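The structure appears below as structure tokens.
Here is how names work: the chains are called A, B, and so on, in the same order as the sequence lines, proteins then strands, and each is numbered from 1. Worth saying up front: this structure is predicted, and the values here are computed from it rather than measured.
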Number of protein chains: 2
Amino acid sequence: MIVTENMPPEAVAQKLSESGLRATPQREIVYRSLLTKRDHPTAEEVFARAKAEMPTISLATVYNCLETLVQCNLIRQVNHERGPTRYCPNLHPHAHFRDEQTGTMVDIDVPADLFERLKALLPTGLSASSVEITFRGKTQP
Amino acid sequence: MIVTENMPPEAVAQKLSESGLRATPQREIVYRSLLTKRDHPTAEEVFARAKAEMPTISLATVYNCLETLVQCNLIRQVNHERGPTRYCPNLHPHAHFRDEQTGTMVDIDVPADLFERLKALLPTGLSASSVEITFRGKTQP
DNA sequence: AGTGAGATTTGGAATTAATCTAAAGTAGTC
DNA sequence: GACTACTTTAGATTAATTCCAAATCTCACT
């Protein structure tokens with residue numbers, strides 16, 4: 001299955017088992033917490049949301065689940081400068097804009113041909129498996 | 001002075017004092033260590049090189065100097081995923097390619113018009129002060 | 001249904017990169 | 001030559017994440 005669209009919540013179990021992994025309640029809760037509020041939360045924020053549904057879940061588990069979901073391509077990691085890693089269920093190729101004041105992050109669609117032009121800049125011998133584009137700036141008042 | 005080219009080593013003192021800062025031996029050593037081997041070293045690596053020239057320099061000072069040099073636009077910070085921050089004296093707008101195996105990083109020139117096209121993707125209301133483009137992948141054998 | 005192997009979760013300790021702090025050193029100015 | 005502001009320094013501290021080893025769970029097989 002090639003992923004071009006965001007996973008519907010039901011597909012998590014399937015995608016996980018495709019990778020030989022189990023669809024545990026913790027993994028589903030963590031994944032749902034990304035889907036329901038798509039604001040690029042940090043692991044701590046996911047932890048807070050997950051605890052609301054399952055008070056016994058641990059922070060280590062949240063890190064484990066996020067890592068697992070990244071591994072089987074259900075979500076993406078987003079890093080910006082030294083800030084904590086954020087997580088994103090949008091699997092379309094896209095860029096991120098980060099507001100310097102508030103730290104909030106929004107998705108920016110990038111046409112496929114621009115990604116192609118960027119990849120074409122690489123000298124022969126280098127092949128990119130991913131391209132990360134991050135804008136930093138401010139939101140007009 | 002608008003910076004479009006890498007600073008010649010002599011220019012550091014001037015650039016620093018323009019910003020009301022002093023050209024200390026530590027700052028010059030740290031800057032030179034970036035110029036002489038342009039391999040995007042981490043603060044720890046800069047520290048090691050600086051110590052060879054000035055055994056009494058401290059790691060905190062290296063962090064301070066790097067921060068100062070970034071502030072007055074003599075060098076750039078480069079972040080990639082969770083790795084330690086790296087430093088780069090190349091002030092041209094450019095992208096970075098990072099080899100997943102070795103962790104080494106190389107500069108990739110990006111034509112100005114591509115940067116413009118990227119910035120044009122932002123919806124009205126968002127204005128970017130910088131764009132970071134990072135490729136991740138592998139170097140062909 | 002019971003059992004064993006392997007996967008998963010958990011809390012706490014450990015790690016890493018970076019920042020903070022407060023004291024000591026240095027430099028330009030009056 | 002002293003005042004003041006800027007710098008450096010070592011060590012303590014922080015923040016995010018990873019590691020670890022024990023407890024728990026789940027599936028496959030009997």
Side-chain angles (χ1 to χ4, degrees), chain A residues 12-31 33 40-51 53-72 74-87 98 103 105, chain B residues 12-31 33 40-51 53-72 74-87 98 103 105:
Chain A
V12 194
Q14 197 211 325
K15 200 85 209 299
L16 282 166
S17 71
E18 270 176 30
S19 311
L21 298 163
R22 294 181 189 155
T24 66
Q26 287 89 343
R27 284 172 180 167
E28 298 193 348
I29 285 170
V30 165
Y31 183 60
S33 87
H40 305 85
T42 64
E44 291 280 355
E45 286 160 358
V46 172
F47 180 43
R49 292 179 202 174
K51 256 208 299 219
E53 282 194 66
M54 179 188 271
T56 60
I57 199 170
S58 81
L59 178 58
T61 299
V62 169
Y63 273 105
N64 288 341
C65 293
L66 288 169
E67 157 90 7
T68 302
L69 295 171
V70 167
Q71 226 83 108
C72 50
L74 284 157
I75 64 175
R76 279 179 51 186
Q77 271 186 329
V78 186
N79 289 288
H80 193 250
E81 295 180 359
R82 285 271 97 206
T85 299
R86 292 164 178 278
Y87 297 86
R98 180 168 132 135
M105 206 171 251
Chain B
V12 195
Q14 195 211 324
K15 199 86 209 296
L16 282 165
S17 72
E18 270 175 31
S19 310
L21 298 163
R22 293 180 192 156
T24 66
Q26 288 89 342
R27 284 171 180 168
E28 299 194 349
I29 286 170
V30 164
Y31 183 60
S33 87
H40 306 84
T42 64
E44 291 280 355
E45 286 162 355
V46 171
F47 180 43
R49 292 180 202 174
K51 256 210 298 221
E53 282 195 66
M54 179 188 269
T56 59
I57 200 170
S58 80
L59 178 58
T61 300
V62 169
Y63 274 106
N64 289 342
C65 292
L66 289 169
E67 157 91 8
T68 302
L69 295 171
V70 167
Q71 226 83 107
C72 52
L74 284 158
I75 64 175
R76 279 180 50 187
Q77 272 185 328
V78 186
N79 290 287
H80 192 252
E81 297 184 356
R82 284 270 97 205
T85 299
R86 291 166 178 278
Y87 297 86
R98 180 168 132 134
M105 205 170 252

Collect all protein-nucleotide pairs involving nucleotides 8-12 of chain C in which both atoms are nitrogen or oxygen and the distance is under 3.5 Å.
from	atom 1	to	atom 2	distance (Å)
C/dT8	OP1	A/R22	N	2.9
C/dT8	OP1	A/R27	NH1	2.8
C/dT9	OP1	A/T24	OG1	2.6
C/dT9	OP1	A/Q26	OE1	3.4
C/dT9	O3'	A/Q26	NE2	3.1
C/dT10	OP1	A/T56	O	3.4
C/dT10	OP2	A/S58	N	3.4
C/dT10	OP2	A/T61	OG1	2.6

Decide yes or no for B/R86 and B/H80: does some side-chain heavy atom of the first lie under 4.5 Å from some side-chain heavy atom of the second?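 Side-chain contact under 4.5 Å: no.
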Heavy atoms of chain B, cut-off under 4.0 Å: which first and last nucleotide of DNA chain D, 5' to 3', fall inside that, if you could look?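 Reading along DNA chain D, I get D/dA5 to D/dT17.
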I need the CZ-P distance between B/R82 and C/dT15, as an integer number of Å.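 In whole Å, C/dT15 P lies 19 Å from B/R82 CZ.
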To the nearest Å, how far apart are B/E28 CD and C/dA27 P?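 Those two atoms, CD and P, are 12 Å apart.
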[X] [atom1] to [Y] [atom2] distance, which is reported to the nearest 0.5 Å:
X: A/I75; Y: A/E67; atom1: CD1; atom2: CD; result: 9.5 Å
X: A/R49; Y: A/E45; atom1: CZ; atom2: CD; result: 6.0 Å
X: B/S33; Y: B/E28; atom1: OG; atom2: CD; result: 12.5 Å

Indicate, with a heavy-atom threshold strictly under 4.0 Å, whether B/T85 touches base, sugar-phosphate, or nothing.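 Sugar-phosphate, no base atom in range.
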Looking at residues at least two apart in the chain, or sitting in another chain, which of them share a side chain to side chain contact (heavy atoms under 4.5 Å, CB included) with [X]?
X: B/F47; answer: B/E44, B/K51, B/I57, B/L59, B/V62
X: A/T68; answer: A/L16, A/L21, A/R27
X: A/S58; answer: A/A60, A/T61

So, OP1 or OP2 of C/dT19: does either fall under 4.0 Å of a side-chain N or O from B/Y63?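 For C/dT19, neither OP1 nor OP2 has a side-chain N or O of B/Y63 closer than 4.0 Å.
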Among residues at least two apart in sequence or on other chains, which ones pass salt bridge (charged side-chain N to carboxylate O under 4.0 Å, His left out) with A/R76?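 Result, salt bridge (charged side-chain N to carboxylate O under 4.0 Å, His left out) vs A/R76: none returned.
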